[in-house]
Amino acid sequence: MVKLSINGQEVEVKEGQTILEAANSIGIEIPTLCYHKALSPYGACRLCVVEINHNGNIMYHTSCQFPVMEGIEVQTNTERVLKGRKIMVELMLARCPESEKIQELAEQFGVKETRFKKKDEDCILCGLCARICQERMGVGTIDFINRGIERDIKPPFETHSEICRVCGACASVCPTGARTLELKELSLREPNPILSEFNEGLAKRHPIYIPFPQSVPKIPVIDREKCIHFLLDECETCSIFCEAEAIKYDQEDEIIELDIGAIVVASGFDSFDPTAETKYGYGEFPNVITGMEFERLVSASGPTEGHIEVNGKEPTNIVFIQCVGSRDKDGNEYCSRVCCMYTAKQAHMVRDKFPDSELTIYFTDVRAFGKGFEEFYNRVQGENIIYLRRELDDTIQVVQNGNGVVVKAEGHPDIEADLVVLATGLIPREDSKELAQTLNINLSADGFFLEAHPKLRPVDTFTDGIFLAGSCQSPKDIPDTVAQASSAASRVCNILSQKELEIEATIAYVDETLCRACGFCVDACPYQAIELVRIQYLGHTTDVARVNEALCKGCGTCAAACLNGAIRQLGYTDGQILTIIKAFGEN
Amino acid sequence: MDEFEPNIIGFLCNWCSYAGADLAGTSRIQYPTNIKIIRVMCSGRIEPVFILESLKKGADGVLISGCHFGECHYKSGNYKANRRIKLLKKYLKEMGVDPNRVRFEFVSASEGHRFADVVREFVEELKKIGPISLQITP
Amino acid sequence: MRIGVYVCECGINISATVDVEKVANSAKSLPNVVISRYYKYMCSDPGQELIKKDIKELKLDRVVVASCSPRMHEPTFRVVLEEENLNPYCLEMVNIREQVSWVHKDKEKGTAKAISLVKGSVLRASLMRPLEKKKVSVTPNALVIGGGIAGIQAALDIGNMGYKTYLVEKTPSIGGRMAQLDKTFPTLDCSACILTPKMVDVAKHPNIELITYAEVTNVKGYVGNFKVEINKKAKSIDESLCTGCGDCWENCPTQYRAYLEPLEFKAELKNGEQVILDEIINKYKDERGAIMPILEDINDEFKYLPEESLKYVAAQIDYPLSTVYRIATFYNVFSLEPRGEHLINVCIGTTCHVRGAPKIIEAIKSELKIDVGETTEDMKFTLEPVRCLGCCSLAPVITIDGEAFGNLRPDKIAKVISKYD
Amino acid sequence: MTEVIRFQILEDIQSKGQEILYPDKPRIAISMATCGLAAGAGKIYEVIKKEVKDQNLDWIITETGCIGFCQIEPLLYFHFPGKPKLFYGNLTEKKARELIKALAAGDIKQDWILWKIEDEESIINEEKYHLGKNENLKDVPLYKDYPFFAKQLKIALRNCGFIDPNSIDEYVARGGYSSFYKVINNLKSHEVIEEVKKSGLRGRGGAGFPTGLKWEMCSKEDSPIKYIICNADEGDPGAYMDRSILEGDPHSILEGMLIGAYAIGSNEGIIYVRAEYPIAIEKLRNAIKQAEGFGLLGKNILDTGFNFNIKIVKGAGAFVCGEETALIASLEGRPVDPRMRPPFPSHSGLWGKPTNINNVETWANIPPIIARGSDWYSSLGTEKSKGTKVFSLVGKIQNTGLVEVPMGISLREIIYDIGGGILEEKKFKAIQTGGPSGGCLPEDSINLPVDYDSLSEAGSIMGSGGMIVLDEDTCIVDLAKFFLGFTREESCGTCNSCREGLDASYDILNRITEGKAEISDLDLLEELSHVIIDFSLCGLGKTAPNPVLTTLRYFKDEYIAHIEEKKCPAKVCRALIHYTIIPDKCTGCGICFKLCPEEAITGKTKEPHFINSEKCIKCGICLDSCRFDAISISSGDL
């Protein structure tokens, strides 16, 4: 360990650490720009220069590089150091006068404007991009070129690089944002951003992420299909930054076995993807978005912090189209129940934001059936929002019109719009079929989970102990979802509150005298409820099949497989069925 | 002699086809009365003996109906039934019985319409095949 | 064996298309049948009382009820038997509503079918044995699949009832679709404001164990005794250590999907060049820091560093091309542009500067019509400055192809250059 | 090739060497260093060779290094056995042919002789070798009395101009490798280091760090591999003493490095030579081959089990590579970024191993120190700056050349006694020492003793020894701008303070030279310069502002003239001067008209011409080429 004093405070740190690390460890801030915790220090910006008194002789060195030495006295903000830092920032401002980030930095250091000759560079030559590309990404696409005033950072031969992986690391560390615009210059390959699922693809996210700021638990995950460490065994920046050393790349999937009494399925829904319906032009024109995308756009925590813009301009006339992907005879025939009301809400939100915009809603039948819905619908109609009725099978077409679009609805005049919001319906989740098989529950025709009985057992399934809640059973709004959730909960507690449960009596039964342990039934049983056991019978040992009554579900397959009727399904014995056959045979 | 009315015995699995038949009922979908339904817990419970016995006892046709593959309440009962009935049909041919008299269908709990159509079709087909006349040597 | 047969009219649902009386009478003649009645609503209380009375008085040990689907009222009539402590499995139901009356208009055929169905059931009833319902223990734990508002609400309710609840969520965080919403209709509450408190409740609830980024992969067993297998995908984060401070996702450098296929640059060398380059490279192959001598030899050989040769060298000595290019552009001696036949070096050291080098440069520039660092159109001359050639006594000095010309004056330039034209 | 020198037979090699040095036949030696060749020594050599062959004279013709007095090159000496050596300078092909003819005929062309040597001594072993006397050459000055050489004491340049650099025998003849013998024979490595420490020798590269201390630090590191490096990058423009030693006496470097390697415990040496010195590289390669041939380099040197070999690495034209860590980066094939110190190279240098880097002149001083002992060496120079320093006296000086003088000598003696005063009797203005890291000292500091400490007190630095004399025609602001222009292009570009700071300083100076600056710019310049010094990492950045600071300190009035009066006293800054033709002096010869690159001059032949001041870019070509002084420059009075 090495002992030194910083600004008069004693501090002891491990050897090999730098003064900056030592200072940070006791809460002393030293300004930096080209320093990055996961990269080797480079000492380009000189902001972190401090005064070092090494037994008598005063030196000025970059604290990000200078190793701690026994007994040195460091001063991080003497008058001479502060004056120097201001000049450093003034020089940077002269080099990149237009860069916002550098202007902010200047304000921070009290530099109003620069007395030196202004250049029009946008790169401050801190080298972060070159270093992260080499040290963390293991590629080395770009590096410094030339020297002195000609110094710059470019790919070799200042043309597109053939080895750039377009991972955007350089853009992420660039303090002046210069590198962000140049991704296209670095490589001819199209950059394809990692789209945040939470923000419906309207914003980018990192491979290590939490879906949204208020996530619970607030613990990130690493998306191993996109993380450079897992793909190329490089980077590891996150583990370097993690003070708590919580990042464990070698963590493996964990199989958890749970003993469960009852299950509630609340797996929710997906929103309809209108791309296939080419008439709406979704995916073709940027002005056409889905309801969920609109929700993210207008949300304060959304990618645009609630600011709605299309092609860089605030929309003035917006058209909403109801029943997209719902009530469609040759598609999803059901009504998604929520679109009418959320469209009304969204229209009301737009009226708030843009009081004088033109809002039109193409509807078929507004279903404002819930409590307070009708009142809200009337209120919305009163806010100069035009409701135009169209039949479901009337044609509707969205065509290009400059950088806006025109909505051509049969029986209505064309409406020019710069934003079209499709009230996309709710559809069963992609993985619902797989979950149904795992849980052994049935799907209804529309693909949602099938309830035991629509009226009398709406939250039960045909499998005892498994209950449904929310839109996974069928589209519904939040009040109904919560109601269903509570009812499913009570159905669960209904089971859990009992000490014991009765199970069907019609299970399999083995007549051990007849059984010759051929094992046909053992293979036939889908629940591995039958096994061959050795028993003592009349003085000699023999093998017979034995049924584990707890596991047997009473399907009777074993009875059908048994050649000599040694194993029978109680309640559905061969004899009983044959008697019915005889009765039904005579006409 | 009025037209030949085939007598059909139907074995329906409780979770899917029987529920499908019930749905046909609640939806008031009409279909011929020739079929008499025996409820079993799973199509896997049906032994070839039951089918042969039905034909012996005077059924002109036997309908077995279970869940669609992958939807069986007991996972794989319908696969077992499918294999047994395919083998049986081959055997029936040897015995001089028209294999079309035995029919294996998949009807799920929500396919009321389909159940009715299956029955109607089967009746028509059996009318064409004609009544079964098994000379049982004593 | 004493069997009771009961035929239900179900209001008119059955009796409209089935002659219940005829069916009831037909049953009378069946073996072991001691009583056979029909009634308007068998499932109603009076209907059930009817059966109870008969069981008690006639000591029935089997009951056959011809009414609606067993999926509907089998449990109801089983209770009736139980109340008369007759084993519930001695009940046999005949479905003459959904599978007869509602689907066959022809009353005569419908009745015949009903009779045959009842006959089958009665014959079967005699072979039925009383069965005991098995008792099974109940694990007092609940599993909720899906962490949206539905899952949250269900988990909270169950948790509040004191039962251990596992909430399994596929994405890294609970909140589901509702978290994506901005405002909710019709009250325009801010969605996050009403949802987040509930999410926090779930996280803090003593009875609820939250398992996120996980999927249910296998469910065995049956009600009360499910064996559930959950695949908790590796988050690559130790949840017990993570404080959620955000340093990792704020500093993660990538937001794009990197291209993964192996990418390299190819050098297209003109014929003959490769031989020369190989020879140079092999001279310094095993020396450390070989890049400098290699570049110097190439620069001497070709008079400049051709782009493709740099690529070739970088590949051969396994140096990043960007580093090779950085070194190549750092030093004055190396030029990336082809140089003219004759290299004119003008010394711009201090001595030459104070003794007139700028004027000499001016004169050469106007003579050859090129600027410093450029090459003449006809590739004859390249003009490059150089730092102090070390013959200051003859300042200002220039060298052409290494040969020095000292004590120059602007007017002598034309003559000197003409020697090389 | 003579056979391998065995350990014990040094003496007879020495005497054999002297036979070659002082043969019994006439011998001519032409100084063929870069400066000589540039002046035409190559052609002179061919002419003489042909002449001697034609007259089939049995003379020996060899080449030699530069004796230091570049002004009078091409130079040669003629030595007739038993007679003094005679030195003839400023030769042309015609004069050379005539001289040979005369010498062949016995006429020694007395009036052409510059100086003579009667007794030749070697600094190494103090013996004198009597060449011979010639009575009727009384008024020809002796070498040691000749003004240029009188005050000099040649230690590093001891053999330059006296031996043939291609011959190891001549080097041995003048006491070469005897110090190495002494070391390897009876001195322990720490004793050698003690000697160097006691001698007070300080680094001649510019920083002046005590060499003994540096060796000691490196020797204390216990690592099986250590490196010895000779820094021959000599980036300072106007300094070329290292070139002269490498070309004139390469073996002195090899011997110095051998001694250093033995003392520090290294067996790998590297000489990093500047790309612009091809002849030096050729001479060094040849010397190494010869030394290996003699068993003085390579494996098991002189059967003592000590192995040491030296490799030559060519620089590629980057001033910053003179800085130690940058040099190491260049050697390791890494991109050149100077590195933070500590760790110092002596602890972890090339390939992370302990490395000792010294300048060429430092290595050249080692053999004499060992031979004559540290007491002798510490008796020379001043209290803190021991021994001698080689200066390259250039610029507006009468006698341009290399001057090796004991530390402590005054600037005045160097400029006027040795240098012969200012060129063309112009008025002395300033002297610039230490190259781009140094400073300009005005007239009134001319009596300053020349040593490390007094120069740095005056604001300049010793540097590698470049000493550029400036007369009234040099504009101090333009010179500062030149130096900033140099360092801003030579900076490696990493540090924001150096790259941007020097560029900003250059811009301010440029604005001053264009008369577009304000007084406040001077304070800004000073403030910026101090920050650059504090905030830069390596030597380049930390010393680059010195030219600005010293010129501001001593020549503030010249700055003010540029700013307030928009006047360039030295009439150099183009924006502030304008050219006019004096009608009555102009003969209309038209030479300026022909040469003007911008066709700014008009006029019919034989009639006075006129300069159009809009078009004139003030390149000054007309002024230089006008033989009738008809063109005048004026500044500030427009």
Side-chain angles (χ1 to χ4, degrees), chain A residues 140 143 145-147 156 162-163 165 167-169 172 191 204 206 208 211 214-216 218-219 221-222 238 241 244 246 248 251 253-254 256 258-261 263-268 298-299 341 345 372 376 464-465 469-470 481-482 485 489 492-493 496 500-503 505 576 579-580 583, chain C residues 119-120 123-124 127 131 133-136 138-140 142-146 148 150-151 153-154 157-158 161 163 172-173 182 185-186 196 199 203 213 223-224 226 228 230 232 234-236 238 241-242 244 247-249 251-259 263 265 320-322 325-326 329-330:
Chain A
D143 204 341
I145 61 170
N146 304 330
R147 61 160 196 251
E162 286 147 332
I163 57 170
R165 291 197 183 285
C167 68
S172 74
K204 295 198 286 286
H206 296 283
I208 182 166
Q214 308 92 333
S215 293
V216 168
K218 196 165 189 186
I219 291 175
V221 298
I222 296 185
C238 48
F241 270 90
K248 300 277 181 273
Q251 191 180 68
D253 290 3
E254 189 191 336
I256 303 173
L258 295 180
D259 291 333
I260 293 291
I263 299 172
V264 175
V265 180
S267 51
V298 81
S299 159
M341 289 315 296
K345 176 204 73 179
F376 183 73
D464 300 347
T481 299
V482 170
V492 161
C493 298
L496 300 190
E500 284 176 332
L501 273 181
E502 287 169 351
I503 52 166
Q576 288 171 11
T579 52
I580 297 179
Chain C
K119 184 177 173 214
L123 292 177
R124 177 188 189 174
L127 294 176
L131 300 174
K133 275 213 163 179
K134 291 288 170 299
K135 287 272 183 305
V136 170
V138 177
T139 324
L143 168 71
V144 178
I145 302 172
Q153 182 59 43
D157 285 358
I158 301 171
M161 296 278 280
Y163 295 109
S173 161
D182 175 31
F185 60 79
T196 325
M199 287 163 60
Y213 209 48
V223 56
F226 288 112
V228 175
I230 293 170
K232 189 172 186 320
K235 291 187 177 183
S236 317
D238 181 337
L241 298 173
C242 175
D247 278 359
C248 55
W249 63 75
N251 289 297
C252 169
T254 52
Q255 285 194 313
Y256 292 87
R257 300 164 68 100
Y259 285 79
L263 309 165
F265 41 83
L321 180 59
S322 53
Y325 188 69
R326 171 172 178 176
T329 53
F330 189 83

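Each chain gets a letter, A, B and so on, in the order the sequences are listed, and its residues count up from 1. Since the structure is predicted, the reported quantities are computational estimates derived from the model, not experimental observations.
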Exercise. Do the side chains of C/Y325 and A/I145 get nearer than 4.5 Å, heavy atoms only?
Worked result: yes
Exercise. Quick one: of A/A246, A/G168, A/C238, who has the most non-hydrogen atom pairs under 4.5 Å with chain C?
Worked result: A/A246
Problem set entry | Heavy-atom closest pair, residues C/Y213 and A/I222 | OH-O, 4.0 Å
For this session: Would you mind checking which part of A/P191 comes under 4.5 Å of any heavy atom in chain C, side chain (CB onward), backbone (N, CA, C, O), both or neither?
Result: both
For this session: Report yes or no: does A/R165 contribute a side-chain atom to a donor-acceptor pair with the main-chain N or O of C/Y259 at less than 3.5 Å?
Result: yes
Exercise. Quick one: does C/T139's side chain have a donor or acceptor within less than 3.5 Å of a partner on A/G261's backbone?
Worked result: no
Exercise. Do you know the tightest heavy-atom contact between C/A150 and A/A469?
Worked result: CB-O, 3.9 Å
For this session: For residues A/P211 and C/P172, determine if any side-chain heavy atom of one lies less than 4.5 Å from a side-chain heavy atom of the other.
Result: yes
Exercise. Do C/I158 and A/V264 have side-chain heavy atoms sitting under 4.5 Å apart?
Worked result: yes
Exercise. So, C/R124 side chain and A/Q576 main chain: donor-acceptor pair closer than 3.5 Å or not?
Worked result: no
Problem set entry | Side chain / backbone / both / neither for C/F226 at chain A, heavy atoms under 4.5 Å | both
Exercise. Can you check whether A/G140's main-chain N or O pairs, donor with acceptor, with C/S322's side chain at less than 3.5 Å?
Worked result: yes
Exercise. C/T196 versus chain A, heavy atoms under 4.5 Å apart: side chain, backbone, both or neither?
Worked result: side chain
For this session: Ignoring hydrogens and angles, tell me if any N or O in the side chain of A/S172 forms a donor-acceptor pair with the backbone of C/P253 under 3.5 Å.
Result: yes
Exercise. In terms of heavy-atom proximity below 4.5 Å to chain A, should C/Y163 be classed as side chain, backbone, both, or neither?
Worked result: side chain
Exercise. What part of A/F241 is in contact with chain C, defined as an atom under 4.5 angstrom from a non-hydrogen atom: side chain, backbone, both or neither?
Worked result: both
Problem set entry | A/V298 portion near chain C, given a 4.5 angstrom heavy-atom threshold | both
Exercise. Mind checking whether A/L501 and C/V223 have side chains closer than 4.5 Å, heavy atoms only?
Worked result: yes
